[in-house]
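Before any comments, here is the structure.
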Amino acid sequence: MDVIDVVLIAGDGIGPEVTAATCEVIKAAGAPIHWLPMPAGVAAIESHGDVLPAVTLDALRQVKVGLKGPVGTPIGGGFRSVNVTFRKALDLYAAVRPVRNLPGVKTRYEHVDLVIFRENTEGLYTGIENEVAPGVVTSMKVATEKACTRIAEAAFEYCVRRGRAKVSVFHKANIMKLTDGLFLRCARAVREARYPQIAYEEVIIDNACMQLVKDPTRFDVLLMENLYGDLVSDLCAGLVGGLGVVPGANIGRDCAVFEAVHGSAPDIAGNGLANPLACLMSGVMLLNYLAEARQNPACKQAADRIKAAYDKVLSDGKIRTRDLGGTAGTKEFTAGLIAAL
Ligand code: NAI
(Lines give C-alpha, C1' and ligand atoms only; values in the text may rest on other atoms or scores of the structure.)
Protein backbone atom coordinates (compact mmCIF):
# COMPACT_ATOMS: atom_id res chain seq x y z
CA MET A 1 0.00 0.00 0.00
CA ASP A 2 1.41 3.43 -0.97
CA VAL A 3 2.01 5.58 2.10
CA ILE A 4 1.58 9.31 1.48
CA ASP A 5 3.58 12.02 3.29
CA VAL A 6 1.40 14.86 4.56
CA VAL A 7 2.66 17.96 6.38
CA LEU A 8 0.93 18.45 9.73
CA ILE A 9 0.78 21.92 11.30
CA ALA A 10 -0.76 21.69 14.76
CA GLY A 11 -1.02 25.47 15.14
CA ASP A 12 -2.08 27.48 18.20
CA GLY A 13 -4.87 27.45 20.77
CA ILE A 14 -7.19 24.50 20.11
CA GLY A 15 -5.09 23.58 17.05
CA PRO A 16 -3.00 20.86 18.77
CA GLU A 17 -6.17 19.37 20.33
CA VAL A 18 -8.22 19.15 17.11
CA THR A 19 -5.34 18.06 14.87
CA ALA A 20 -4.33 15.29 17.33
CA ALA A 21 -7.94 14.04 17.36
CA THR A 22 -8.04 14.14 13.55
CA CYS A 23 -4.80 12.17 13.17
CA GLU A 24 -6.07 9.57 15.66
CA VAL A 25 -9.31 9.01 13.73
CA ILE A 26 -7.57 8.98 10.34
CA LYS A 27 -5.12 6.38 11.65
CA ALA A 28 -7.91 4.25 13.13
CA ALA A 29 -9.73 4.38 9.78
CA GLY A 30 -6.68 2.80 8.13
CA ALA A 31 -5.64 5.66 5.87
CA PRO A 32 -2.09 5.27 4.53
CA ILE A 33 -0.85 8.66 5.77
CA HIS A 34 2.57 9.46 7.20
CA TRP A 35 2.40 12.77 9.07
CA LEU A 36 5.32 15.20 8.96
CA PRO A 37 4.84 17.61 11.90
CA MET A 38 6.05 21.14 11.06
CA PRO A 39 6.06 24.38 13.08
CA ALA A 40 3.92 27.47 12.44
CA GLY A 41 2.16 30.03 14.58
CA VAL A 42 2.96 31.58 17.93
CA ALA A 43 4.58 28.36 19.19
CA ALA A 44 7.03 28.47 16.25
CA ILE A 45 8.35 31.86 17.38
CA GLU A 46 9.79 30.23 20.48
CA SER A 47 11.08 27.08 18.79
CA HIS A 48 12.26 28.56 15.45
CA GLY A 49 12.27 32.35 15.93
CA ASP A 50 9.69 32.75 13.13
CA VAL A 51 5.89 32.36 12.92
CA LEU A 52 6.21 30.66 9.55
CA PRO A 53 9.65 28.98 9.40
CA ALA A 54 11.16 28.30 5.97
CA VAL A 55 11.40 24.61 6.86
CA THR A 56 7.57 24.43 6.94
CA LEU A 57 7.10 26.12 3.57
CA ASP A 58 9.86 23.93 2.07
CA ALA A 59 8.17 20.78 3.36
CA LEU A 60 4.82 21.85 1.89
CA ARG A 61 6.48 22.65 -1.45
CA GLN A 62 8.06 19.22 -1.42
CA VAL A 63 5.18 16.95 -0.39
CA LYS A 64 2.48 19.28 -1.78
CA VAL A 65 -0.22 18.46 0.73
CA GLY A 66 -0.89 19.43 4.33
CA LEU A 67 -3.35 19.49 7.21
CA LYS A 68 -3.26 22.64 9.28
CA GLY A 69 -4.65 23.66 12.64
CA PRO A 70 -5.57 27.32 13.24
CA VAL A 71 -2.93 29.88 14.13
CA GLY A 72 -3.38 33.04 16.17
CA THR A 73 -2.83 36.49 14.69
CA PRO A 74 -2.30 39.58 16.85
CA ILE A 75 -4.95 42.30 16.46
CA GLY A 76 -4.05 45.83 15.38
CA GLY A 77 -0.28 45.25 15.22
CA GLY A 78 2.39 42.56 15.57
CA PHE A 79 3.35 40.00 12.95
CA ARG A 80 1.55 39.51 9.64
CA SER A 81 -1.03 36.72 9.50
CA VAL A 82 0.57 33.32 8.97
CA ASN A 83 -2.51 32.25 7.00
CA VAL A 84 -2.30 35.14 4.56
CA THR A 85 1.45 34.59 4.15
CA PHE A 86 1.41 30.85 3.51
CA ARG A 87 -1.60 30.98 1.17
CA LYS A 88 0.21 33.64 -0.85
CA ALA A 89 3.64 31.93 -0.69
CA LEU A 90 2.24 28.62 -1.97
CA ASP A 91 -0.29 30.29 -4.27
CA LEU A 92 -3.19 28.42 -2.68
CA TYR A 93 -5.65 30.56 -4.54
CA ALA A 94 -8.96 28.81 -3.87
CA ALA A 95 -10.47 28.47 -0.41
CA VAL A 96 -13.18 25.84 -0.81
CA ARG A 97 -15.62 25.53 2.10
CA PRO A 98 -18.61 23.20 2.01
CA VAL A 99 -21.40 24.16 4.42
CA ARG A 100 -24.06 21.51 5.00
CA ASN A 101 -26.56 20.43 7.60
CA LEU A 102 -25.32 17.39 9.49
CA PRO A 103 -27.57 14.51 10.53
CA GLY A 104 -28.86 15.00 14.06
CA VAL A 105 -27.51 18.56 14.39
CA LYS A 106 -30.66 20.63 14.63
CA THR A 107 -30.39 24.27 13.59
CA ARG A 108 -32.82 26.97 12.45
CA TYR A 109 -32.35 25.82 8.85
CA GLU A 110 -32.78 22.56 6.97
CA HIS A 111 -31.44 21.42 3.59
CA VAL A 112 -28.50 23.83 3.65
CA ASP A 113 -25.97 22.69 1.06
CA LEU A 114 -23.61 25.47 0.04
CA VAL A 115 -20.04 25.55 -1.21
CA ILE A 116 -18.05 28.76 -0.80
CA PHE A 117 -15.25 29.62 -3.24
CA ARG A 118 -13.17 32.39 -1.69
CA GLU A 119 -10.33 34.06 -3.62
CA ASN A 120 -7.41 33.48 -1.28
CA THR A 121 -4.47 35.59 -2.47
CA GLU A 122 -5.46 39.23 -2.94
CA GLY A 123 -8.26 41.74 -2.27
CA LEU A 124 -7.70 43.67 0.97
CA TYR A 125 -5.55 40.85 2.38
CA THR A 126 -2.42 41.93 0.52
CA GLY A 127 -1.62 43.83 3.71
CA ILE A 128 -0.53 46.95 1.82
CA GLU A 129 -1.40 49.65 4.35
CA ASN A 130 0.02 53.14 4.67
CA GLU A 131 -0.14 56.08 7.00
CA VAL A 132 -0.33 58.86 4.44
CA ALA A 133 -0.46 61.60 7.07
CA PRO A 134 -0.88 61.59 10.86
CA GLY A 135 -4.44 60.37 11.49
CA VAL A 136 -4.96 59.25 7.88
CA VAL A 137 -4.37 55.61 6.91
CA THR A 138 -5.14 53.61 3.78
CA SER A 139 -5.47 49.93 2.92
CA MET A 140 -5.04 48.85 -0.67
CA LYS A 141 -7.46 46.41 -2.30
CA VAL A 142 -5.84 44.55 -5.17
CA ALA A 143 -7.58 42.57 -7.90
CA THR A 144 -5.90 41.06 -10.93
CA GLU A 145 -7.50 39.55 -14.00
CA LYS A 146 -5.42 36.40 -13.48
CA ALA A 147 -6.59 35.76 -9.91
CA CYS A 148 -10.23 36.72 -10.56
CA THR A 149 -10.35 34.44 -13.60
CA ARG A 150 -8.80 31.37 -11.98
CA ILE A 151 -11.08 31.46 -8.91
CA ALA A 152 -14.11 31.76 -11.21
CA GLU A 153 -12.81 28.81 -13.24
CA ALA A 154 -12.39 26.78 -10.04
CA ALA A 155 -16.00 27.48 -8.99
CA PHE A 156 -17.54 26.66 -12.39
CA GLU A 157 -15.37 23.58 -12.86
CA TYR A 158 -16.48 22.35 -9.43
CA CYS A 159 -20.11 22.73 -10.57
CA VAL A 160 -19.46 20.56 -13.61
CA ARG A 161 -17.59 17.87 -11.70
CA ARG A 162 -19.98 17.74 -8.74
CA GLY A 163 -23.25 18.25 -10.57
CA ARG A 164 -23.93 21.68 -9.10
CA ALA A 165 -26.43 23.93 -10.85
CA LYS A 166 -25.73 27.57 -9.98
CA VAL A 167 -22.97 30.05 -9.14
CA SER A 168 -23.85 33.20 -7.19
CA VAL A 169 -21.19 35.91 -7.17
CA PHE A 170 -21.31 38.18 -4.10
CA HIS A 171 -19.84 41.63 -4.76
CA LYS A 172 -19.90 45.34 -4.02
CA ALA A 173 -19.17 46.57 -7.54
CA ASN A 174 -21.63 49.41 -7.07
CA ILE A 175 -19.05 51.00 -4.74
CA MET A 176 -15.75 49.31 -5.65
CA LYS A 177 -16.28 49.73 -9.35
CA LEU A 178 -12.77 48.81 -10.48
CA THR A 179 -11.82 45.93 -8.17
CA ASP A 180 -15.18 44.21 -7.71
CA GLY A 181 -16.07 45.28 -11.24
CA LEU A 182 -13.10 43.27 -12.53
CA PHE A 183 -14.11 40.29 -10.36
CA LEU A 184 -17.58 40.32 -11.96
CA ARG A 185 -16.27 40.79 -15.50
CA CYS A 186 -13.94 37.81 -15.12
CA ALA A 187 -16.70 35.59 -13.67
CA ARG A 188 -19.04 36.53 -16.54
CA ALA A 189 -16.32 35.90 -19.14
CA VAL A 190 -15.47 32.47 -17.71
CA ARG A 191 -19.12 31.46 -17.65
CA GLU A 192 -19.88 32.73 -21.14
CA ALA A 193 -16.81 31.08 -22.66
CA ARG A 194 -16.99 27.66 -21.03
CA TYR A 195 -19.93 27.12 -18.69
CA PRO A 196 -23.09 28.61 -20.23
CA GLN A 197 -25.08 25.63 -18.90
CA ILE A 198 -24.46 26.66 -15.25
CA ALA A 199 -27.02 29.14 -13.88
CA TYR A 200 -25.41 32.41 -12.80
CA GLU A 201 -26.37 35.42 -10.72
CA GLU A 202 -24.68 38.48 -9.22
CA VAL A 203 -25.84 39.60 -5.78
CA ILE A 204 -24.67 42.72 -3.93
CA ILE A 205 -23.03 41.42 -0.76
CA ASP A 206 -25.24 43.23 1.78
CA ASN A 207 -28.40 41.89 0.16
CA ALA A 208 -26.68 38.48 -0.17
CA CYS A 209 -26.15 38.31 3.63
CA MET A 210 -29.82 39.08 4.23
CA GLN A 211 -30.87 36.46 1.65
CA LEU A 212 -28.57 33.88 3.26
CA VAL A 213 -30.09 34.20 6.72
CA LYS A 214 -33.62 34.36 5.29
CA ASP A 215 -33.37 31.31 3.04
CA PRO A 216 -29.96 29.72 2.50
CA THR A 217 -31.48 27.00 0.31
CA ARG A 218 -31.85 29.47 -2.58
CA PHE A 219 -28.06 29.35 -3.02
CA ASP A 220 -25.73 26.65 -4.31
CA VAL A 221 -22.09 27.59 -5.09
CA LEU A 222 -20.97 31.01 -3.78
CA LEU A 223 -18.07 32.85 -5.41
CA MET A 224 -16.43 35.91 -3.91
CA GLU A 225 -13.23 37.83 -3.22
CA ASN A 226 -11.08 37.36 -0.14
CA LEU A 227 -12.63 39.54 2.59
CA TYR A 228 -16.24 38.74 1.70
CA GLY A 229 -15.36 35.04 1.65
CA ASP A 230 -13.86 35.29 5.13
CA LEU A 231 -16.97 36.95 6.58
CA VAL A 232 -19.55 34.89 4.68
CA SER A 233 -17.80 31.64 5.74
CA ASP A 234 -18.49 32.34 9.42
CA LEU A 235 -22.02 33.53 8.66
CA CYS A 236 -22.69 30.29 6.80
CA ALA A 237 -21.15 28.24 9.63
CA GLY A 238 -23.80 29.78 11.88
CA LEU A 239 -26.52 28.35 9.63
CA VAL A 240 -25.50 24.73 10.22
CA GLY A 241 -24.31 24.55 13.83
CA GLY A 242 -21.29 26.83 14.10
CA LEU A 243 -17.58 26.82 13.51
CA GLY A 244 -17.16 23.35 14.97
CA VAL A 245 -18.68 21.75 11.87
CA VAL A 246 -17.36 23.61 8.82
CA PRO A 247 -14.26 22.26 7.06
CA GLY A 248 -12.17 23.80 4.33
CA ALA A 249 -9.38 23.44 1.81
CA ASN A 250 -6.84 25.88 0.38
CA ILE A 251 -6.15 24.63 -3.12
CA GLY A 252 -3.46 25.73 -5.57
CA ARG A 253 -2.21 24.34 -8.84
CA ASP A 254 0.40 22.05 -7.27
CA CYS A 255 -0.31 22.10 -3.57
CA ALA A 256 -3.28 21.86 -1.19
CA VAL A 257 -3.56 22.56 2.54
CA PHE A 258 -6.69 21.53 4.42
CA GLU A 259 -7.95 23.40 7.47
CA ALA A 260 -11.18 24.16 9.30
CA VAL A 261 -12.76 27.60 8.93
CA HIS A 262 -12.46 28.31 12.66
CA GLY A 263 -9.62 30.04 14.47
CA SER A 264 -7.55 29.13 17.52
CA ALA A 265 -10.51 29.70 19.92
CA PRO A 266 -8.42 31.10 22.80
CA ASP A 267 -11.56 31.20 24.99
CA ILE A 268 -11.67 27.37 25.21
CA ALA A 269 -8.09 26.39 24.30
CA GLY A 270 -6.32 23.92 26.56
CA ASN A 271 -9.52 22.76 28.28
CA GLY A 272 -10.25 19.74 26.10
CA LEU A 273 -13.58 21.23 24.99
CA ALA A 274 -13.01 21.90 21.29
CA ASN A 275 -15.10 20.16 18.69
CA PRO A 276 -12.58 18.34 16.45
CA LEU A 277 -15.18 17.70 13.75
CA ALA A 278 -14.41 20.69 11.50
CA CYS A 279 -10.74 19.66 11.44
CA LEU A 280 -11.66 16.00 10.93
CA MET A 281 -14.02 16.91 8.08
CA SER A 282 -11.12 18.86 6.55
CA GLY A 283 -9.12 15.63 6.95
CA VAL A 284 -11.85 13.79 5.03
CA MET A 285 -11.58 16.39 2.27
CA LEU A 286 -7.82 15.76 2.28
CA LEU A 287 -8.32 12.00 1.95
CA ASN A 288 -10.78 12.46 -0.93
CA TYR A 289 -8.32 14.84 -2.59
CA LEU A 290 -5.50 12.27 -2.25
CA ALA A 291 -7.78 9.48 -3.50
CA GLU A 292 -8.26 11.45 -6.69
CA ALA A 293 -4.93 13.26 -7.14
CA ARG A 294 -2.75 10.25 -6.20
CA GLN A 295 -5.23 7.58 -7.28
CA ASN A 296 -5.20 5.99 -3.87
CA PRO A 297 -8.34 3.91 -3.18
CA ALA A 298 -7.34 3.29 0.47
CA CYS A 299 -7.72 7.04 1.10
CA LYS A 300 -11.22 6.96 -0.37
CA GLN A 301 -12.19 3.96 1.78
CA ALA A 302 -10.91 5.69 4.93
CA ALA A 303 -12.73 8.92 4.02
CA ASP A 304 -16.01 7.04 3.56
CA ARG A 305 -15.56 5.18 6.85
CA ILE A 306 -14.90 8.38 8.79
CA LYS A 307 -17.89 10.16 7.25
CA ALA A 308 -20.18 7.23 8.07
CA ALA A 309 -18.81 7.22 11.65
CA TYR A 310 -19.45 10.89 12.35
CA ASP A 311 -22.87 10.74 10.69
CA LYS A 312 -23.73 7.83 13.01
CA VAL A 313 -22.36 9.44 16.19
CA LEU A 314 -24.17 12.72 15.47
CA SER A 315 -27.43 10.97 14.55
CA ASP A 316 -27.31 8.89 17.75
CA GLY A 317 -26.87 12.15 19.63
CA LYS A 318 -25.43 10.50 22.76
CA ILE A 319 -21.92 11.89 22.45
CA ARG A 320 -21.75 15.53 21.45
CA THR A 321 -19.40 18.38 22.14
CA ARG A 322 -20.65 21.46 23.97
CA ASP A 323 -20.90 23.71 20.92
CA LEU A 324 -23.53 21.26 19.61
CA GLY A 325 -25.45 21.19 22.89
CA GLY A 326 -23.75 18.13 24.43
CA THR A 327 -21.35 17.61 27.31
CA ALA A 328 -18.53 15.57 25.72
CA GLY A 329 -14.97 16.84 25.60
CA THR A 330 -12.66 16.50 22.61
CA LYS A 331 -11.24 13.16 23.80
CA GLU A 332 -14.59 11.54 24.60
CA PHE A 333 -16.04 12.59 21.24
CA THR A 334 -12.95 11.31 19.43
CA ALA A 335 -13.19 7.97 21.22
CA GLY A 336 -16.87 7.79 20.19
CA LEU A 337 -15.93 8.37 16.57
CA ILE A 338 -13.26 5.68 16.65
CA ALA A 339 -15.68 3.22 18.23
CA ALA A 340 -18.16 3.93 15.41
CA LEU A 341 -15.68 3.31 12.60
P1 NAI B 1 -12.45 31.50 16.48
O2 NAI B 1 -12.94 30.81 15.27
O3 NAI B 1 -11.17 31.04 17.05
O4 NAI B 1 -13.58 31.40 17.64
C5 NAI B 1 -14.87 31.96 17.51
C6 NAI B 1 -15.82 31.27 18.49
O7 NAI B 1 -16.11 29.95 18.04
C8 NAI B 1 -15.23 31.11 19.89
O9 NAI B 1 -16.24 31.27 20.85
C10 NAI B 1 -14.72 29.68 19.89
O11 NAI B 1 -14.68 29.08 21.17
C12 NAI B 1 -15.72 28.97 19.00
N13 NAI B 1 -15.09 27.85 18.29
C14 NAI B 1 -14.26 27.94 17.24
N15 NAI B 1 -13.87 26.71 16.87
C16 NAI B 1 -14.46 25.84 17.70
C17 NAI B 1 -14.42 24.42 17.81
N18 NAI B 1 -13.70 23.66 16.99
N19 NAI B 1 -15.16 23.85 18.81
C20 NAI B 1 -15.89 24.59 19.64
N21 NAI B 1 -15.96 25.94 19.57
C22 NAI B 1 -15.24 26.55 18.61
O23 NAI B 1 -12.39 33.05 16.11
P24 NAI B 1 -11.71 34.27 16.88
O25 NAI B 1 -11.93 34.17 18.33
O26 NAI B 1 -12.20 35.46 16.14
O27 NAI B 1 -10.16 34.17 16.55
C28 NAI B 1 -9.20 33.62 17.44
C29 NAI B 1 -7.85 33.61 16.77
O30 NAI B 1 -7.87 32.69 15.67
C31 NAI B 1 -7.39 34.97 16.20
O32 NAI B 1 -6.03 35.14 16.49
C33 NAI B 1 -7.59 34.82 14.70
O34 NAI B 1 -6.71 35.61 13.96
C35 NAI B 1 -7.30 33.35 14.52
N36 NAI B 1 -7.93 32.73 13.34
C37 NAI B 1 -7.20 31.81 12.66
C38 NAI B 1 -7.73 31.14 11.60
C39 NAI B 1 -6.89 30.12 10.91
O40 NAI B 1 -5.79 29.83 11.34
N41 NAI B 1 -7.36 29.50 9.85
C42 NAI B 1 -9.10 31.41 11.12
C43 NAI B 1 -9.81 32.37 11.93
C44 NAI B 1 -9.23 33.01 12.99
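The basis for the numbers below is simple: all heavy atoms, side chains too, and nothing from hydrogens, waters or symmetry mates. Since this is a predicted model, take the numbers as computed values, not measurements. Position 1 is the first residue of the sequence, and the numbers go up from there. When a ligand or atom number is given, it counts from 1 through the structure's own listing order.
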Does ligand 1 come near enough to Asp323 that some N or O of the ligand is less than 3.5 Å from an N or O of the residue? no

Report the nearest protein non-hydrogen atom to atom 36 (N) of ligand 1: residue, atom name, distance rounded to 0.1 Å. Gly263 CA, 3.4 Å

Determine if the distance from atom 27 (O) of ligand 1 to the closest protein heavy atom is below 4.0 Å. no

For atom 9 (O) of ligand 1, what is the closest protein heavy atom, and at what distance to 0.1 Å? Asp267 OD2, 2.8 Å

Can you tell me which residue and heavy atom of the protein come closest to atom 41 (N) of ligand 1, and the distance to 0.1 Å? Glu259 OE1, 3.1 Å

Any Arg322 heavy atom less than 4.0 Å to ligand 1: no

Hphob cluster co-occupancy, Val7 + Met285, side-chain heavy atoms under 4.5 angstrom: no

State the atoms of ligand 1, each with its element, that fall below the 4.0 Å cut-off from a heavy-atom position in Gly72. 32 (O)

Check for me whether the distance between the ring centres of Phe219 and Phe170 falls short of 6.0 Å. yes

Exercise answer: donor-acceptor pairs, residues 233-250 side-chain atoms, under 3.5 Å, sequence neighbours excluded:
from   : atom 1 : to     : atom 2 : distance (Å)
Ser233 : OG     : Arg97  : NH1    : 2.8
Ser233 : OG     : Gly229 : O      : 2.6
Asn250 : OD1    : Arg87  : NE     : 3.4
Asn250 : OD1    : Asn120 : ND2    : 2.9
Asn250 : ND2    : Val257 : O      : 3.2
Asn250 : ND2    : Glu259 : OE2    : 2.9

Count I, L, V, M, F, W, Y as connected when their side-chain heavy atoms are under 4.5 Å apart, and connections chain through other members. Are Leu231 and Leu124 then in the same cluster? yes

Within-cutoff protein neighbour (heavy atom, under 4.0 Å) for atom 3 (O) of ligand 1: yes

Around atom 29 (C) of ligand 1, find the nearest protein heavy atom and jot down its residue, atom name and distance. Ser264 OG, 3.2 Å

If you count the atoms of ligand 1 from 1 in the order shown, which ones are under 4.0 Å from a heavy atom of Asn275? 17 (C), 18 (N), 19 (N), 20 (C)

Atoms of ligand 1 less than 4.0 Å from Ala265 heavy atoms? 3 (O), 10 (C), 11 (O), 14 (C)

For atom 16 (C) of ligand 1, what's the nearest protein heavy-atom neighbour? Residue, atom name and distance, please. Ile14 CD1, 4.0 Å

Is Arg61 paired with Asp58 through a side-chain N to carboxylate O contact shorter than 4.0 Å? yes

If I compare all heavy atoms of Leu90 with all of Cys255, which pair ends up nearest, and what's the gap? CD1-SG, 4.3 Å

Pro70 and Gly15: which non-hydrogen atoms are nearest, and at how many Å? CD-CA, 3.6 Å

Can you give me every donor-acceptor pair (side chain of residues 328-341, partner residue at least two apart or in another chain, under 3.5 Å) with its distance?
from   : atom 1 : to     : atom 2 : distance (Å)
Thr330 : OG1    : Gly272 : O      : 3.1
Thr330 : OG1    : Ala274 : N      : 3.1
Thr330 : OG1    : Ala274 : O      : 2.7
Thr334 : OG1    : Thr330 : O      : 2.6

Is Trp35 reachable from Val55 through a run of hydrophobic residues whose side-chain heavy atoms are each under 4.5 Å from the next? no

What protein heavy atom is closest to atom 31 (C) of ligand 1, reported as residue, atom name and distance in Å? Thr73 N, 4.1 Å

Is the Tyr195 ring parallel, tilted or perpendicular to the Phe156 ring (thresholds 30°, 60°)? parallel

Heavy atom of the protein closest to atom 35 (C) of ligand 1 (residue, atom name, distance): Val71 O, 3.4 Å

Is the closest N or O pair between Leu243 and ligand 1 shorter than 3.5 Å? no

Thr321: heavy atom below 4.0 Å from ligand 1, yes or no? no

Under 3.5 Å, is there a donor on one side chain and an acceptor on the other for Tyr93 and Glu122? no

Looking at atom 14 (C) of ligand 1, what's its closest protein heavy atom, distance included? His262 CB, 3.7 Å

Ala40 versus Asp12, closest heavy-atom pair with distance: O-OD1, 4.4 Å

Protein heavy atom under 4.0 angstrom of atom 24 (P) of ligand 1, is there one? no

Counting heavy atoms only, which of Asn83, Val18, Ile268, Thr330 comes nearest to atom 38 (C) of ligand 1? Asn83

Check if Pro266 has a non-hydrogen atom at a distance under 4.0 Å from any atom of ligand 1. yes

Strictly below 4.0 Å, N to O, side chains only: are Asp180 and Lys172 in salt-bridge contact? no

Within 4.0 Å of some non-hydrogen atom of Lys68, the atoms of ligand 1 are 40 (O), 41 (N)

